[in-house]
Amino acid sequence: QVQLAESGGGLVQAGGSLRLSCTASGLTYSFFSRYTMGWFRQAPGKEREFVAYISWSGGSTYADSVKGRFTISRDNHKKTVDLEMNSLKPEDTAVYYCATARAEFAEVVTMQTVGSWGQGTQVTVSS
């Protein structure tokens with residue numbers, strides 16, 4: 001059973017930066033490297049939405065709302081996936097969740113194809 005643990009959330013002023021990290025356990029780095037990893041977020045009163053993912057092969061995709069401001073990266077040997085967030089806006093305030101794709105070697109991860117979720121970390125951006 002894969003377990004994901006996020007860290008790095010907090011309170012930051014608009015225009016500031018935060019770096020979120022997600023560490024996977026319950027699997028070897030070899031197996032971790034086979035999974036596309038993603039970040040999602042859920043703001044108060046809103047549905048959970050896609051933020052970014054990085055595929056097992058290293059390609060990345062971003063939601064339009066964060067493109068150019070956020071960068072996703074992974075370290076397979078450390079079994080981590082990070083989300084560097086710059087130029088933060090109040091509308092980025094949300095609980096951020098790390099997730100794995102359900103299937104090995106899947107090229108994408110969506111809300112419908114998530115295999116495991118982390119517990120989430122709060123990001124609050126003040127204006």
Open item on the list: I'd like to check the side-chain contact (heavy atoms from CB on, under 4.5 Å) partners of Phe31; sequence neighbours left out, ordered by chain and number.
Closed with: Leu27, Thr28, Arg34, Glu104

Open item on the list: By the ring pair (Phe, Tyr, Trp, His ring centres under 6.0 Å) test, which pairs, at least two apart or in different chains, include something from residues 62-98?
Closed with: Tyr29-His77

Open item on the list: So does Cys98 get a backbone contact from the side chain of Glu6, meaning a donor-acceptor N/O pair under 3.5 Å?
Closed with: yes

TODO: Return the minimal non-hydrogen interatomic distance between Arg69 and Leu88, and the atom names on each side.
DONE: NH1-CA, 3.8 Å

Task: Taking every non-hydrogen atom, the tightest pair across Ala14 and Pro90 - done: CB-CD, 4.1 Å

TODO: Could you list all the salt bridge (charged side-chain N to carboxylate O under 4.0 Å, His left out) pairs where at least one residue sits in residues 36-47, not counting sequence neighbours?
DONE: Arg41-Glu49, Arg41-Asp92

Open item on the list: Could you work out, with side-chain contact (heavy atoms from CB on, under 4.5 Å) as the rule, every residue matching Ser33, not counting sequence neighbours?
Closed with: Asn76

Open item on the list: Grouping I, L, V, M, F, W and Y whenever their side-chain heavy atoms are under 4.5 Å apart, do Leu83 and Val125 come out in a common cluster?
Closed with: yes

Open item on the list: According to side-chain contact (heavy atoms from CB on, under 4.5 Å), who are the partners of Glu91, at least two apart in sequence or on a separate chain?
Closed with: Lys89

- [ ] Using atom types as modelled and distance alone, determine if a side-chain donor or acceptor of Thr36 lies under 3.5 Å from a backbone N or O of Trp56.
- [x] yes

Open item on the list: So, using side-chain contact (heavy atoms from CB on, under 4.5 Å) as the criterion, who are the partners of Asp82 when residues are at least two apart?
Closed with: Arg19, Ser21, Ser73, Thr80

- [ ] Please round to the nearest 0.5 Å and tell me the distance separating atom CH2 of Trp117 and atom CE of Met111.
- [x] 4.5 Å

TODO: Walk me through it: do Leu20 and Thr121 pass the test side chain to side chain contact (heavy atoms under 4.5 Å, CB included)?
DONE: CA-CA 8 Å; Leu20 305 183; Thr121 185; 4.0 Å; yes

- [ ] Give the C-alpha distance, both sets of side-chain angles, the deciding distance and a yes or no for side chain to side chain contact (heavy atoms under 4.5 Å, CB included) between Val81 and Ile72.
- [x] CA-CA 7 Å; Val81 58; Ile72 190 170; 3.8 Å; yes

TODO: Say whether Leu18 and Phe40 are linked into one hydrophobic cluster, either directly or through other cluster members, by side-chain heavy-atom distances under 4.5 angstrom.
DONE: no

Task: Evaluation steps, side chain to side chain contact (heavy atoms under 4.5 Å, CB included), between Arg102 and Tyr35 - done: CA-CA 8 Å; Arg102 186 177 301 125; Tyr35 288 90; over 6 Å; no

Open item on the list: If hydrophobic clusters are built by linking Ile, Leu, Val, Met, Phe, Trp and Tyr wherever their side-chain heavy atoms come under 4.5 Å apart, do Ile54 and Phe50 end up in the same one?
Closed with: no

Open item on the list: Please give me the minimum heavy-atom distance between Cys22 and Trp39, naming the atom from each residue.
Closed with: CB-CZ2, 3.6 Å

TODO: State the OG1-NZ distance between Thr61 and Lys67, to the nearest 0.5 angstrom.
DONE: 8.0 Å

Task: Rounded distance [0.5 Å steps], OG in Ser60 versus CE in Met37 - done: 14.5 Å

TODO: Could you check if a side-chain atom of Tyr53 sits within less than 4.5 angstrom of a side-chain atom of Val108, using non-hydrogen atoms only?
DONE: yes

Task: Over all atoms of both residues, closest heavy-atom pair of Ser55 and Arg74 - done: O-NH1, 3.2 Å

Task: Beyond-backbone contact of Gln122 with Thr93, side-chain heavy atoms, under 4.5 angstrom - done: yes

